[in-house]
2 protein chains.
Amino acid sequence: MITIYDIAKKANVSAMTVSKVINRTGRISTATRERVQQVIDELGYIPNSNARSLVLQRTQMLSLLITDITNPFYTTLARGAEDAAHLRGYRVLFGNSDEDYHKEKEYVEAILSTRVDGVLFAPAGDRSITHLQQLQARNIPFVFLDRTVPSIHSDVIAGDSRQGALELMRYLIKLGHQHIALVNGSSEVSTARLREEGYVEGLREAGIAPDPSLVLRTSYRDFSDDEGLERLVSRPQQPTAVFAANNMLAIGVIRLLRKRGLRVPEDISVVCFDDLDLASAFDPFLTVIAQPAYEFGYQGMQMLIDRIEGKLPPDPQTIILPSEMRIRASAATPAPD
Amino acid sequence: MITIYDIAKKANVSAMTVSKVINRTGRISTATRERVQQVIDELGYIPNSNARSLVLQRTQMLSLLITDITNPFYTTLARGAEDAAHLRGYRVLFGNSDEDYHKEKEYVEAILSTRVDGVLFAPAGDRSITHLQQLQARNIPFVFLDRTVPSIHSDVIAGDSRQGALELMRYLIKLGHQHIALVNGSSEVSTARLREEGYVEGLREAGIAPDPSLVLRTSYRDFSDDEGLERLVSRPQQPTAVFAANNMLAIGVIRLLRKRGLRVPEDISVVCFDDLDLASAFDPFLTVIAQPAYEFGYQGMQMLIDRIEGKLPPDPQTIILPSEMRIRASAATPAPD
DNA sequence: GTGAAAGCGCTAACAT
DNA sequence: ATGTTAGCGCTTTCAC
């Protein structure tokens with residue numbers, strides 16, 4: 001391990017002088033600076049950020065906590081987050097909760113222990129409130145990412161789930177659908193609640209009475225509730241369309257539908273929230289409301305850093321990013337009975 | 001900031017005693033342990049890992065450096081890596097080089113500065129040798145992930161690129177293809193070289209003379225070399241099949257082919273290395289050699305941790321994971337002329 | 001323009 | 001079984 005003292009000794013100066021050269025602080029004569037710099041380069045000295053963090057009480061490290069690393073929405077988001085952090089001189093400690101409260105708890109503890117400067121946080125659900133309170137108790141700034149938790153006030157970067165859902169519903173209804181099922185995430189998650197509101201609102205607008213038995217609540221992360229879907233599609237009046245509350249659910253739904261011999265969209269239409277970047281590049285099939293995932297990450301990180309660096313007004317800020325309807329092939333006019 | 005001294009004071013013991021309770025080291029009477037633990041819980045004390053790392057010269061932090069976070073091969077791998085690290089009590093600092101030497105350099109510096117205990121490293125290319133030498137100079141263990149760099153000896157977890165490519169070629173040739181193009185990654189990358197070897201070997205086996213003008217070398221990360229592909233397919237003798245050296249390239253190739261009005265597989269067959277998890281779940285179209293991405297990450301991390309903890313023989317180990325051919329719809333018998 | 005002293009929060013080694 | 005001392009590698013403060 002090569003330390004600042006090794007440099008100091010070899011350059012025949014004090015440790016303080018070396019520190020000043022490295023951090024470009026204080027007054028240093030050009031001659032000394034150059035001599036020190038040369039020794040640094042020669043020995044390939046790299047400062048120990050642990051020692052640095054200890055004294056500075058800052059780590060220059062941010063945490064990004066997401067809920068599903070296999071979901072392209074989050075991986076694209078992660079890229080944006082990383083780009084923004086990098087540009088402003090921060091490193092990123094990733095965490096993936098898999099929508100699981102306990103995994104999330106462990107990450108929060110790691111975060112607290114690492115003393116990261118801030119967290120861009122997609123909470124697994126409303127129970128995450130305990131984790132957020134821990135952060136607040138320690139004055140670690142966080143920005144809600146995509147989802148919020150009731151009664152916790154902090155900065156937010158999100159999309160408009162309610163409005164997006166409403167647009168999707170209007171589209172289906174315009175196509176002529178009357179019996180529309182909703183396959184949703186857990187009602188523990190704010191976006192799932194909002195998307196359901198949009199769903200109900202869409203039905204109301206069209207004068208269709210919401211039918212609770214057309215709503216299935218499961219997990220955003222993966223769809224394997226075969227029985228649940230079975231119940232939905234084997235009703236006397238089979239729904240002609242399914243609104244899947246996210247991309248992962250849509251994949252599961254389509255797979256199960258096909259397994260049952262139902263063609264999409266000929267027999268049943270499917271739409272969802274969030275695009276499937278790769279799959280769609282390859283085969284533009286799914287009709288979706290696409291959210292600007294990269295911007296979620298990029299602007300979220302910017303917001304977090306602005307907050308940390310005191311560049312934001314003291315009261316919590318909210319950024320709502322616009323989404324965009326991408327009409328493709330998975331939804332069509334319902335087959336006449 | 002709440003420190004070990006706050007606990008010590010409140011529990012009426014020394015800092016050492018608290019430290020011992022936290023780390024379950026040394027002898028502590030049950031009474032003291034319980035009293036201390038209670039204060040810890042009450043105050044919600046969480047140790048400062050920076051201070052800890054400083055004295056222990058260990059961070060319990062590992063780094064995972066990948067080259068494309070939007071590629072499902074790497075995201076699935078990342079999950080495996082994280083699971084394994086987590087299970088053994090390590091945290092993971094992710095880095096994404098985007099196949100870029102300079103971005104990689106910055107990550108390596110961050111890694112060095114953070115003093116991570118080890119790195120699971122997918123090098124961007126042969127030039128990464130400078131980064132690996134830096135790690136070696138500082139005795140930071142690393143495991144080559146997926147790719148290696150000539151003349152650097154370290155543990156390796158990888159697939160058999162040469163063999164996989166050969167199998168893909170045999171399959172195409174069995175279908176009747178004689179004119180097979182290769183769209184490859186950069187020859188700076190070991191897997192690209194090996195896949196090309198497999199390609200050539202496949203041709204040789206079938207008594208087909210390799211034609212250099214049927215080989216296009218670009219980047220694994222994305223495919224946008226429209227002109228390059230143009231040249232490949234607009235030859236007098238148009239190839240009847242394309243072997244894309246990874247999944248991202250395959251997507252690009254198929255998109256460009258379709259743009260040119262060529263149907264896959266009716267007009268031209270396409271096969272590739274690595275599956276597209278989501279896209280394939282949804283629409284099993286692409287014929288691929290699938291590598292066990294999760295295992296790459298999981299076993300790679302295990303290997304790294306075993307190395308760090310001295311559980312491996314001193315000489316570098318190599319694990320080659322088996323791949324699996326998944327025959328689907330994107331390759332078919334060539335159309336008769 | 002440069003350096004000496006003290007301390008960030010923790011633990012290893014050594015008392016007691 | 002518990003406590004004292006010293007020091008991990010760095011920077012802040014203040015003296016020169």
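For C/dG1, the OP1/OP2 oxygens have no side-chain nitrogen or oxygen of A/Thr17 closer than 4.0 Å. Between A/Ser19 and D/dC10 there is no side-chain polar atom (N or O) within less than 4.0 angstrom of OP1 or OP2. In this model, the phosphate group of D/dC10 is not approached by any side-chain N or O of A/Arg52 to a distance below 4.0 Å at OP1 or OP2. Checking the phosphate oxygens (OP1, OP2) of D/dG9, a side-chain nitrogen or oxygen of B/Gln57 falls inside 4.0 Å. In this structure, B/Tyr5 does not reach the C/dT11 phosphate: none of its side-chain N or O atoms is under 4.0 Å from OP1 or OP2. Contact annotation: B/Ser14 side-chain N/O to D/dG3 OP1/OP2 distance is under 4.0 Å. Contact between the side-chain N/O atoms of B/Asn50 and the OP1/OP2 oxygens of C/dG9 is not found at any separation under 4.0 Å.
Atom-to-atom, CE of B/Met16 to C1' of D/dA1 comes out at 12 Å; the value is rounded to the nearest Å. What separates CD1 of B/Ile4 from C1' of C/dG9 is a distance of 8 Å, to the nearest Å. Remark: P of D/dT13 and CZ of A/Arg27 are 14 Å apart, rounded to the nearest angstrom. Taking atom CD1 of B/Ile22 as the reference point, atom C1' of C/dT11 lies 11 Å away to the nearest angstrom.
In the displayed structure, A/Gln133 atom CD is contacted under 6.0 Å by more than 12 heavy atoms of other residues, nucleotides or ligands. Heavy-atom neighbours of B/Glu42 CD from other residues, nucleotides or ligands within 6.0 Å: above the threshold of 12.
Within 4.0 Å (heavy atoms only), A/Thr32 reaches sugar-phosphate atoms of the nucleic acid but no base atom.
If you check C/dT2, D/dT11, C/dG3 against the side chain of A/Ile28, the one that comes closest is C/dT2.
Annotation: side chain of B/Arg307 is not in contact with side chain of B/Val143 (no heavy-atom distance under 4.5 Å).
A salt bridge does not link B/Asp83 with B/Arg88: none of the charged nitrogens is closer than 4.0 Å to a carboxylate oxygen.
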